[in-house]
Amino acid sequence: MSYLKISVMKYLLALLCIIGILAMVLTKSKSPPYEPGHIEKTVKCKSDLMERRQLPTADPRPVLYVVTPTYRRVEQVAELTRLGQTLLTVPHLVWMVVEDADACSPHVAALLDRLGIPYVHLASAMPAQYRSERYVPRGVSNRRAAMTWLRDQSPQPTGVMYFLDDDNTIDIRLLEQMRHTKKVSMFPVGLVADYLVSSPIVQEGRVTGWFDGWIVDRQFPVDMAGFAVNLSLVMASDALMPYHAGYEEDKLLRAFGITMDEIEPLANQCTEILVWHTKTKKNQPPSLRREVASHPNSNIAALAENMERIAMATT
Ligand code: UGA
Ligand code: MN
């Protein structure tokens, strides 16, 4: 082969490589689909709205629907116990607990039943296609399922909807304030990003801007726990939360078509922090089989079995 032929081939090979790399980069950087090409599978496990602690129909206060996504992990029962016992103290509230799973877990069902709080228990697994994304849209399938339940199944489609993650911390005074939301209310959330707070900017009683460490191109740069919505807005549209990590709140609020003037600032004109985006350190479930074997005739076998039941250990 002549020297010329070899260098032409080398040139062609390099060109092919560049085209290949370009194609890879372009397909990788392409935005993932934010709307599902299919309907998620939702399992309706149980709703116990009336039998236990009757929703007092004579109570003129609007009902609060608190939507909490959750998923199986070592910390799950601790989180749900803490949050559930906070919500238990608030009357006229329905807790919508939606598991990111194919079916509802017995340990979550048992916890809800035991608390005696009016609740709706659903399961809606994140579609597999989103699990492998660089930024996974956590809790989205859950919240979509809750909104669909409110539209299709709710026996009392009036009130206020609020998204509260299972690991967050809330002051019950804020729940009382937000139940009177006319359209959309907003308030500061503590422990968010660089400023350790995300809040609307309020001037003379009106929301005029945003105080948040990550505004980027978001029209409503707020935290998931930073707003509540009157159900009339939910019922009047078919808007659902998009599978777009970082933009879930913004795109949902945009879809409701609200204006800045309509936002109701709470928490004393957004000067107080009454909800926190707390994060719990993640742990790995230990295998306790050897420990169980080395402590016969004791409580350890039953303890480990109970831990396994609530996803805290493997035996
Ligand atoms: C932040 C936001 O506050 C969430 O509202 C948002 O869903 C999430 O980022 C996101 O966009 O990825 P962060 O504290 O980082 O929250 O996330 P997690 O607490 O891990 O998850 C948010 C909620 O989704 C929790 O209630 C959690 O139980 C639930 N989740 C998480 C699932 O249902 N499935 C998962 O695989 C992970
Ligand atoms: Mn969290």
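Both counts, for ligands and for their atoms, begin at 1 and track the order of listing.
- In this structure, L112 and W95 have side chains that are in contact, with non-hydrogen atoms separated by less than 4.5 Å.
- Using a heavy-atom distance under 4.0 Å as the criterion, the protein contacts of ligand 1 are P69, T70, Y71, R73, D100, R131, V136, R138, G139, N142, R143, D165, D166, D167, M224, E248, H277, K279.
- Residues D165 and R143 are paired through a salt bridge, judged by an N-O separation under 4.0 Å between the basic side chain and the carboxylate.
- When only modelled atom types and interatomic distance are considered, Q76 and T70 share a side-chain donor-acceptor pair under 3.5 Å.
- Closest approach between the Mn ion (ligand 2) and any N/O/S atom of D167 involves OD2.
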Practice task
Under the salt bridge (Lys or Arg N to Asp or Glu O under 4.0 Å) rule, what do E248 and K251 come out as? Steps first, then yes or no, please.
Solution key: CA-CA 6 Å; E248 296 98 332; K251 289 194 170 176; over 6 Å; no

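- Checked against the 6.0 Å centroid threshold, Y195 and W210 do not count as a close aromatic pair.
- If you check the side chains of N168 and H277, you find no donor sitting under 3.5 Å from an acceptor.
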